[in-house]
Visitor: 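Here's a structure for you.
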Amino acid sequence: MRQEQPSPRHIAIIMDGNGRWAASRGLPRVLGHQAGADAVRRIVEASCELGIETLTLYAFSWENRNRPPDEVRDLMQLLDVFLSRETSTLMSQQIRLRAIGRLEELPVGVWDHLRYVMAQTAPFKRMTLNLALSYGGRQEIVDAARRLCEKVCAGQLRVDQIDEACFAQQLYAPDLCDPDLLVRTSGEQRLSNFLLWQSSYTELYVTSKLWPDFSKADLMEAISEYQRRDRRFGGHTPASSPRSAPSVVLHVTAADGHPC
Ligand code: FPP
């Protein structure tokens, strides 16, 4: 009999459907995003209760910057309010806040606020809440390639030393394991430039629920479905993901001692 998967260590979520949630109620989009922010609070709490190690939320994509200025401003304001309101909860629940993306592209006040909350919560280990902000998977790969080129040009790295592990060290959060499960709400079946490198062997789960309606029960259903999956990582028999395994290499050093 096939064994069930253990619970996912890292869940990533594409939080989609705020606009449709609002439209179906005849409300302005901003209220959909506000309801989406309430769902963020619920799902962070639920993930913590369920013992998830890392929760990565796609909160603002690189491409979302092209939305109308009013909507971008509303989203940034909601993020700022979230940071103000939730810091005490993050601290009382021992949740570490992190962020990935081209964070320097965020409005300066939001970036400062984010840095402050990340510093405040840095010691916590119960769960990591990782917000993808001004984030794009292609942009992350380009940024990693640029950093490697800089190291090669500076004579700190040889081209023949670049392998998958070395490349992965240049991603925004190389110490986080790859997501085991990627959930997308609202029924769309695409990755939308989210965690392209890290999702090579991630299990995908799409639900028609719109993000503001996504509940703890929905999260538990996604986890149960994940546990019934047979993860083979390209092999024949179920195995553990190399980056999900506890023996994950955190700091790769090239053969000649140069750090990747
Ligand atoms: C997609 O819905 C969602 C977003 C573009 C942003 C997600 C933002 C939140 C959940 C709220 C704020 C976040 C935090 C962390 C406080 P959509 O507008 O594309 O929906 P639609 O496809 O139905 O139009």
Side-chain angles (χ1 to χ4, degrees), residues 11-48 52 54-90 93 95-103 105-107 109-118 121 127-137 139 173 182-195 206-216 218-219:
I11 299 180
I13 307 185
I14 302 178
M15 309 182 288
D16 196 12
N18 295 348
R20 275 162 283 173
W21 185 93
S24 69
R25 289 164 174 76
L27 297 172
R29 288 181 70 80
V30 63
L31 293 187
H33 292 314
Q34 216 166 76
D38 294 340
V40 167
R41 189 177 327 120
R42 283 199 308 272
I43 295 305
V44 169
E45 204 177 298
S47 302
C48 205
I52 303 303
T54 304
L55 176 69
T56 296
L57 300 178
Y58 205 6
F60 189 70
S61 74
W62 182 248
E63 290 76 20
N64 285 159
R65 291 156 54 259
N66 301 323
R67 290 197 176 192
D70 280 0
E71 184 170 354
V72 172
R73 192 206 53 219
D74 289 341
L75 284 166
M76 289 300 127
Q77 229 161 42
L78 276 172
L79 175 61
D80 208 41
V81 168
F82 175 85
L83 292 171
S84 298
R85 289 207 185 135
E86 300 308 316
T87 307
S88 57
T89 310
L90 295 176
Q93 296 296 314
I95 299 171
R96 178 178 184 186
L97 182 72
R98 293 182 65 172
I100 52 172
R102 289 184 173 166
L103 305 174
E105 299 285 338
L106 293 170
V110 175
W111 178 208
D112 284 348
H113 200 170
L114 185 64
R115 267 196 300 214
Y116 173 76
V117 180
M118 289 195 293
T121 60
M127 189 180 92
T128 296
L129 169 61
N130 186 30
L131 296 181
L133 295 164
S134 287
Y135 175 87
Q139 288 70 25
L182 192 157
V183 174
R184 180 162 190 155
T185 58
S186 92
E188 311 289 353
Q189 302 188 40
R190 51 179 173 265
L191 283 178
S192 299
N193 206 13
F194 190 38
L195 301 176
V206 174
T207 168
S208 58
K209 276 274 175 93
L210 303 177
W211 174 249
D213 293 328
F214 193 74
S215 64
K216 181 178 182 181
D218 296 317
L219 181 66

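Ligands are counted one by one from 1 in listed order, and the atoms in each one are counted from 1 as well. Worth knowing before you read on, the calculation uses all heavy atoms, side chains too, and leaves out hydrogens, waters and symmetry mates. All residue numbers refer to positions in the sequence shown, counting from 1.
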Visitor: Between Thr121 and Leu97 (side chain of the first, backbone of the second, donor and acceptor by atom type, cut-off under 3.5 Å), is there such a pair?
Guide: yes
Visitor: Can you confirm whether Arg85 is buried at CZ, in the sense that more than 12 heavy atoms of other residues, nucleotides or ligands lie under 6.0 Å from that atom?
Guide: no
Visitor: Dump the pairs for me: ligand 1 N or O, protein N or O, distance under 3.5 Å, to 0.1 Å.
Guide:
{"from": "ligand 1", "atom 1": "2 (O)", "to": "Asn18", "atom 2": "N", "distance (Å)": "3.4"}
{"from": "ligand 1", "atom 1": "18 (O)", "to": "Arg29", "atom 2": "NH2", "distance (Å)": "2.6"}
{"from": "ligand 1", "atom 1": "18 (O)", "to": "Arg67", "atom 2": "NH1", "distance (Å)": "2.9"}
{"from": "ligand 1", "atom 1": "19 (O)", "to": "Asp16", "atom 2": "OD1", "distance (Å)": "3.4"}
{"from": "ligand 1", "atom 1": "19 (O)", "to": "Arg67", "atom 2": "NH2", "distance (Å)": "2.8"}
{"from": "ligand 1", "atom 1": "20 (O)", "to": "Gly17", "atom 2": "N", "distance (Å)": "3.4"}
{"from": "ligand 1", "atom 1": "20 (O)", "to": "Asn18", "atom 2": "N", "distance (Å)": "3.2"}
{"from": "ligand 1", "atom 1": "20 (O)", "to": "Gly19", "atom 2": "N", "distance (Å)": "3.0"}
{"from": "ligand 1", "atom 1": "22 (O)", "to": "Asp16", "atom 2": "OD1", "distance (Å)": "3.1"}
{"from": "ligand 1", "atom 1": "22 (O)", "to": "Arg20", "atom 2": "NH2", "distance (Å)": "2.9"}
{"from": "ligand 1", "atom 1": "23 (O)", "to": "Gly19", "atom 2": "N", "distance (Å)": "3.3"}
{"from": "ligand 1", "atom 1": "23 (O)", "to": "Arg20", "atom 2": "N", "distance (Å)": "2.7"}
{"from": "ligand 1", "atom 1": "23 (O)", "to": "Arg20", "atom 2": "NE", "distance (Å)": "2.8"}
{"from": "ligand 1", "atom 1": "24 (O)", "to": "Arg29", "atom 2": "NH1", "distance (Å)": "3.3"}
{"from": "ligand 1", "atom 1": "24 (O)", "to": "Arg29", "atom 2": "NH2", "distance (Å)": "3.2"}

Visitor: Hey, is Arg20 close enough to Glu188 for a salt bridge, meaning N to O under 4.0 Å?
Guide: yes
Visitor: Sub-3.5 Å donor-acceptor pair from the side chain of Tyr135 to the main-chain atoms of Asn193, do we have one?
Guide: no
Visitor: With distance as the sole test, does Ser192 use its side chain to make a donor-acceptor pair with the main-chain N or O of Phe194 at under 3.5 Å?
Guide: no
Visitor: With distance as the sole test, does Ser134 use its side chain to make a donor-acceptor pair with the main-chain N or O of Gly101 at under 3.5 Å?
Guide: no
